[in-house]
Student: 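Before I ask anything, here is the structure I am working with.
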Amino acid sequence: MQAIAKNYNFQEREKYWQEYWEKENIYKFDENSEKEIFSVDTPPPYVSAAHLHAGHIMSYSQAEFVVRYKRMQGFNVYYPMGFDDNGLPTERYVEKKYNIDKSRVKRDEFIKLCLQETKIGAQNYRDLWTALGISVDWTKTYSTINEHSRKISQWSFLDLYKKSKVQRKEEPIYWCPKCQTALAQADLDDKEEKSKLNYIQFGGGDKNKFVIATTRPELLPACVALFVNPEDKRYKELIGKKATVPIFNHQVPILSEESVDMEFGTGLMMVCTWGDAEDVRKWKEYKLDTRKIVNEAGKLTDLAGKYAGLELMKAREQIIADLQKQKLLIKQVDISHVMNTHDRCGTPAEFIITKQWFIDILSNKAKFLKQGEKLNWFPDSMKRRYGDWVEALKWDWCISRDRYYGVPFPVWYCKQCGREMLPEEKDLPVDPTVDKPKEKCQCGSNDFIPEKQVMDTWMTSSLTPLIASKLVNKKSVQMKLYPATLRPQAFEIIRTWLFYTVVKSYYHHNQLPFEDVMISGHGLDDKGRKISKSLGNFKDPNIILKQYGSDALRYWATGAKLGENMRYNEQEIQKGKRTVTKLWNASKFTWSHLSEIDLNKAKVNLEDADKWVLFKLNQTIKEATDSYEQYSYSKARDIIDEFFWGDFTDNYLEFIKYRLYSEDPKMEESKNAARHSLYYLMLTIIKLYAPILPFITEEIYQMFYKKTEGDKSIHLSQWPEINKKWNFDDKTINEFEKAVAAIAEVRKYKSERQLSMGKELNEYRIVLKELPDKKYKEFIKNTVRIKKLLNYE
RNA sequence: GAGCGUGUAGCUCAGUUGGUUAGAGCGUUACGUUGACAUCGUAGAGGUCAGAGGUUCGAAUCCUCUCACGCUCACCA
């Protein structure tokens, strides 16, 4: 028997097992295996998220519990890791960190900084995931900016181009004046703001009838029409006439539409090019004039006359002031309204007309809704969020960004005839600013203008299942990896990552990108606030790990229900640590009695206590397995906890002590039965816990079980199955439960009289409604130390 | 404004298709334990299951309304 450490030194041992797993390739995907594949479309984190916190740990652990379970279930698990390091999030991060913006730094220098930061970020993640024991195959990693991903992204563009699903259009589109790029509908957040509703006098006739109300007086120079409700008696005679815009003095038509709210403001509505999505719609529908007033940097154009060059807010102030001077500002009313802001920087989005690339999504909304229906959602309620979003879509997906750092569009334009030139698939990836088309243009010209825009970051991440599958060399295996089995992700990117992935997969391959979707929530601080850098309301995960260990932190993470936020709760982490300690102690105890076990020894005569606990073990296996199958690791943990702490340690171990410690030769057979049970009980318990607590379970497995069980790691061992031999009849179990109740009663008796549990009683009379069978007399006496049980004397 | 979700012990949450005195962990109180247990055990206190109404022999569970909170979406220029 080997010497067993009194305490489990998690710091030292967790490190040891991390290295062991890596060295032994425990999590490496086996391309040659015939086993059924379980593949995960792992969320590639933004490497720019420099401040990792418990929320990250929670969400990644959730998929990890499932993955480890599936691995033990015998699946050939494909668990790759990606890093999302291209696009605007990275650019914003670099701009902030170095206090620069894209207009003041050269393209290539900027890209260099992005790449450098990306590297640091990726390493941070990898270190933390390793410490946490996330069981990814690190030989299968990708970054969304690397050649592999660029190639696939550009291939996607080519394929969509061929299928006429992508086209370049000149349209008013959401624009961020700060980041100076076009945006997609999904890149917008809502922000409620206090503002003023300005009542402004227009010219054209009866003074009282020519007052409009607007929150955006700076757009006056872009006013192209006024609208009234056709039912509005006040304005009926004005329809078809013209009004004069104050200060700027151009004339605009007065039109009518039922959508105009008579109650709002004066009922006379100003339409500009373009203040909001409504303006864009009316502009298109009524073919209104175009007065482009805002430029790419969010400043007014020359059309604004003396206000040209001013930023929007400055222009608003000055125009208001001038209106006041001319007594054209009738009044101002406080108002609170919601505006669309860019989700990466919080700047209010404007509409600007530019040429951009769009993927057609509006004409296939119904198809995308149907695809969403076909996915298995965990939890199911999240399906609706997807549906709501798709139904509400108003714009095609703008995929071009006027930025530096991203996957380039594989497009050139002929200088002569303007034709779009695309490369051959075999030449991908290309950078049109560096590479040239291989052939002349049809018109004979050899002069090309490269497309300088880059792709939206989602253009690449919407291909992750494909990108990941192609990290494997064998074509036949690639086919099995795509679609993926599981997509784990957070709820706030349903409208982006999930939706766009569905779109791509549908257009490219006419199928779903994955079968199951598992949605996670956010990490909250201990007061229920969202964890954020600005609040500083989180602890560095590395400190938590040092204090409590990975297993303990993972234990906390199991508390999160799918799709729901979870508070950071240090006490739950402590509970995890106690579970680790308890497991260690229970196995030490177990194996202090198992040193001579001979598992091949012929027959074992199980006693009722053994039958009872093995029966319960079977139940636990069944319920825990069912829960894991439903991705309800949280419930699985509760079930396992209950068996381990309650049935196993509190009861069973106490029930068999008198047998184990007995030196009576007549007790040998009984002792042997207890030992036999102990062996399987402890083994099964650590297996059930293995997906959640990979370190301590590996420690116990390697120290005690490896010799007899033979697997290289507990994580490659077989998931426990129900043992039919242990499905004893209910009668036996129920009878025994009465004995358990009797024991509880004696314990209570002692506790109430402040006696130690070890104190031997001379005599005792059980007063339960249902007495245990007489055959349990000795068992009860021995377990709770009573000399005489009066009921049976 | 619409949709979804939540509201159960001081805290974090379980409560399966409606069925006996509503559960767990943490915290708290008392006692006992150092021969698996830098601990653990036993027990106690603590709940008008958000509120009101209804269905039912019976409701935390089903229905209606109200309130509070959260999320998602849409918004009026």
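Sequence lines set the chain letters: A, B, ... in the order given, protein chains first and strands last, and positions in each chain run from 1.
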Student: Quickly work out the A:Gln574 CD to B:G25 P distance and round it to whole Å.
Tutor: 16 Å

Student: Which residue, A:Phe589, A:Trp591, A:Tyr679, forms the ring-ring contact (aromatic ring centres under 6.0 Å, His included) with A:Phe704?
Tutor: A:Trp591

Student: Quiz question: by atom type and distance under 3.5 Å, do the side chains of A:Thr273 and A:Arg291 form a donor-acceptor pair?
Tutor: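 Judged by distance alone, the side chains do not pair up.
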
Student: Sort out for me which residue in A:Gln574, A:Lys577, A:Lys539 forms a side-chain hydrogen bond (donor to acceptor under 3.5 Å, both in side chains) with A:Gln547.
Tutor: A:Lys539

Student: Nearest whole Å is fine: how far is B:C71 P from A:Leu562 CG?
Tutor: 20 Å

Student: Taking the cut-offs as 6.0 angstrom to the six-membered ring centre and 45 degrees off its axis, would you call A:Arg495 and A:Tyr386 a cation-pi pair?
Tutor: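 Because its charged atom misses either the 6.0 Å distance or the 45° angle limit, A:Arg495 does not stack over A:Tyr386.
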
Student: Given 3.5 Å as the limit, does a donor-acceptor pair link the side chain of A:Lys209 with the main chain of A:Arg234, or not?
Tutor: yes

Student: Parallel under 30°, tilted from 30 to 60°, perpendicular over 60°: which one fits the rings of A:Trp458 and A:Tyr500?
Tutor: tilted

Student: Side chain of A:Asp190: nearest nucleotide among B:C4, B:A36, B:A74?
Tutor: B:A74

Student: Regarding A:Asp610 and A:Tyr652, is there a side-chain donor-to-acceptor distance under 3.5 Å anywhere?
Tutor: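 Yes - a donor-acceptor pair under 3.5 Å links their side chains.
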
Student: Could you measure between the two C1' atoms, the one in B:A9 and the one in B:A50, and give it in whole Å?
Tutor: 15 Å

Student: Please list, by residue number, the residues of residues 210-218 of chain A whose heavy atoms come closer than 4.0 Å to an atom of RNA chain B; answer none if no residue qualifies.
Tutor: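 Within this stretch, A:Ala213, A:Thr214, A:Thr215 sit under 4.0 Å of the strand.
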
Student: Quick one: label A:Asp279 by what it contacts on the DNA or RNA (base, sugar-phosphate, nothing), any heavy atom closer than 4.0 Å.
Tutor: nothing

Student: If you look at every strand shown and take non-hydrogen atoms under 4.0 Å, does A:Phe227 touch a base, only sugar-phosphate, or nothing?
Tutor: nothing

Student: Taking it one step at a time, do A:Glu572 and A:Arg637 satisfy salt bridge (charged side-chain N to carboxylate O under 4.0 Å, His left out)?
Tutor: CA-CA 13 Å; A:Glu572 272 296 299; A:Arg637 192 208 71 188; 3.8 Å; yes

Student: With nearest nucleotides of RNA chain B determined for A:Ala586 and A:Ile335 from heavy-atom distances, which residue corresponds to the more 5′ nucleotide?
Tutor: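 Nearest nucleotide further toward 5': that of A:Ala586.
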
Student: Establish, from distance only, whether the side-chain atoms of A:Tyr8 and A:Glu14 form a donor-acceptor pair under 3.5 Å.
Tutor: no

Student: Does A:His337 or A:Gln185 map to a spot on RNA chain B nearer the 5' end, using the closest nucleotide for each?
Tutor: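 Final value for this comparison: A:Gln185.
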
Student: Determine: side-chain N/O of A:Tyr8 to OP1/OP2 of B:A36, distance under 4.0 Å, yes or no.
Tutor: no

Student: Please tabulate the protein-to-nucleotide N/O contacts below 3.5 Å involving nucleotides 22-24 of chain B, giving atom names and distances.
Tutor:
none

Student: Minimum heavy-atom separation for A:Arg554 to A:Phe65, with atom names?
Tutor: O-CZ, 3.4 Å

Student: In whole Å, I'd like the distance from the CH2 atom of A:Trp389 to the C1' atom of B:U72.
Tutor: 10 Å

Student: A:Met269 side chain: which of B:A77, B:A36, B:C73 is closest?
Tutor: B:A77

Student: Take atom CD1 of A:Ile519 and atom P of B:U72, then tell me their distance rounded to the nearest Å.
Tutor: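 One finds 13 Å between P of B:U72 and CD1 of A:Ile519, rounded.
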
Student: Enumerate the residues from residues 647-658 of chain A whose closest heavy atom to RNA chain B is under 4.0 Å, giving them by residue number; use none for an empty result.
Tutor: A:Thr649, A:Asp650, A:Leu653, A:Glu654, A:Lys657

Student: Which atoms form the tightest heavy-atom contact between A:Ala560 and A:Tyr633, and what is the distance?
Tutor: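 That closest heavy-atom pairing would be O-OH, 3.1 Å.
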
Student: Rounded to the nearest angstrom, tell me the gap between atom CZ in A:Phe704 and atom C1' in B:A36.
Tutor: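 One finds 11 Å between C1' of B:A36 and CZ of A:Phe704, rounded.
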
Student: Which pair of non-hydrogen atoms, one from A:Glu391 and one from A:Lys365, has the smallest distance, and what is that distance?
Tutor: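 Where A:Glu391 meets A:Lys365 most closely, the heavy atoms are O-NZ, 2.8 Å.
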
Student: Applying a 4.0 Å non-hydrogen cut-off, can you work out what A:Lys582 is touching in the nucleic acid: base, sugar-phosphate, or nothing?
Tutor: base

Student: Produce the list of close N/O pairs, under 3.5 Å, pairing protein atoms with atoms of nucleotides 10-13 of chain B; give distances to one decimal.
Tutor:
residue: B:U12; atom: OP1; partner: A:Arg567; partner atom: NH1; Å: 3.1
residue: B:U12; atom: OP1; partner: A:Arg567; partner atom: NH2; Å: 3.4

Student: What's the closest nucleotide to the side chain of A:Trp645 if the choices are B:A36, B:A74, B:G41?
Tutor: B:G41

Student: What's the gap between B:C40 and B:G27 when it is taken at their P atoms, as a whole Å value?
Tutor: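 Result for the P pair: 9 Å, nearest Å.
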
Student: Apply ring-ring contact (aromatic ring centres under 6.0 Å, His included) to the pair A:Tyr286 and A:Phe227, showing each step before the final yes or no.
Tutor: CA-CA 11 Å; A:Tyr286 297 92; A:Phe227 270 80; 5.1 Å; yes

Student: What nucleotide, of B:U42, B:A77, B:G25, holds the atom closest to the side chain of A:Val260?
Tutor: B:A77

Student: Judged by modelled atom types alone, do A:Glu564 and A:His522 share a side-chain donor-acceptor pair under 3.5 Å?
Tutor: no

Student: How many Å lie between CD1 on A:Ile700 and P on B:A36, as a whole number?
Tutor: 17 Å

Student: Expressed as a whole number of Å, how far does the P atom of B:U17 sit from that of B:U61?
Tutor: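 It comes out at 14 Å once rounded to the nearest Å.
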
Student: With C1' as the reference atom in both, quote the distance from B:G54 to B:C73 in angstrom, rounded to an integer.
Tutor: 33 Å

Student: If I take atom OH in residue A:Tyr749 and atom P in nucleotide B:U42, what distance separates them, rounded to the nearest angstrom?
Tutor: 19 Å

Student: In terms of side-chain heavy atoms, does A:Ser195 have a donor or acceptor partner in A:Glu193 at a distance below 3.5 Å?
Tutor: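 No, because no side-chain N or O of A:Ser195 sits under 3.5 Å from a partner of the opposite role on A:Glu193.
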
Student: Side chain of A:Asp187, backbone of A:Leu183: donor and acceptor closer than 3.5 Å?
Tutor: no

Student: Looking just at side-chain N and O atoms, do A:Lys575 and A:Tyr555 make a donor-acceptor pair shorter than 3.5 Å?
Tutor: yes

Student: Taking the P atom of each, how far is B:G7 from B:U16, in whole Å?
Tutor: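 The answer is 12 Å between these two P atoms.
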
Student: Taking atom types as modelled, find out whether A:Glu570 and A:Tyr568 have a side-chain donor-acceptor pair closer than 3.5 angstrom.
Tutor: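 Yes.
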
Student: Could you tell me if A:Gln62 and A:Lys561 have a donor-acceptor pair between their side chains, going purely by distance under 3.5 Å?
Tutor: no

Student: Suppose you measure atom C1' in B:U64 against the same atom in B:U56; what distance do you get, rounded to whole Å?
Tutor: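 So the two C1' atoms sit 16 Å from each other.
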
Student: Measure from OH on A:Tyr199 to P on B:C76 and round the result to the nearest Å.
Tutor: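 Going from OH in A:Tyr199 over to P in B:C76 covers 15 Å.
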
Student: Suppose you measure atom P in B:A14 against the same atom in B:G25; what distance do you get, rounded to whole Å?
Tutor: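 One P to the other, the span is 16 Å.
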
Student: Taking NZ, NE, NH1 and NH2 as the nitrogens, is one of them in A:Arg216 or A:Glu350 under 4.0 Å from a carboxylate oxygen of the other?
Tutor: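 Yes, charged N to carboxylate O under 4.0 Å.
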
Student: Please tell me if A:Arg578 has a side-chain N or O lying less than 4.0 Å from either OP1 or OP2 of B:C40.
Tutor: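 Yes.
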
Student: Near RNA chain B, under 4.0 Å by heavy atom, which residues of residues 493-500 of chain A?
Tutor: A:Arg495

Student: What I want to check is whether the side chains of A:Asp641 and A:Tyr689 have a donor and an acceptor closer together than 3.5 Å.
Tutor: yes

Student: With rounding to the closest Å, how many angstrom separate the C1' atoms on B:G46 and B:C11?
Tutor: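 Their C1' atoms lie roughly 13 Å apart.
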
Student: Could you spell out the base pairing of RNA chain B as a dot-bracket line? Use Watson-Crick and G-U wobble contacts where both distances are under 3.5 Å, [ ] for crossing pairs, | for partners on a different strand.
Tutor: (((((((..((((.....[...)))).(((((.......))))).....(((((..]....))))))))))))....

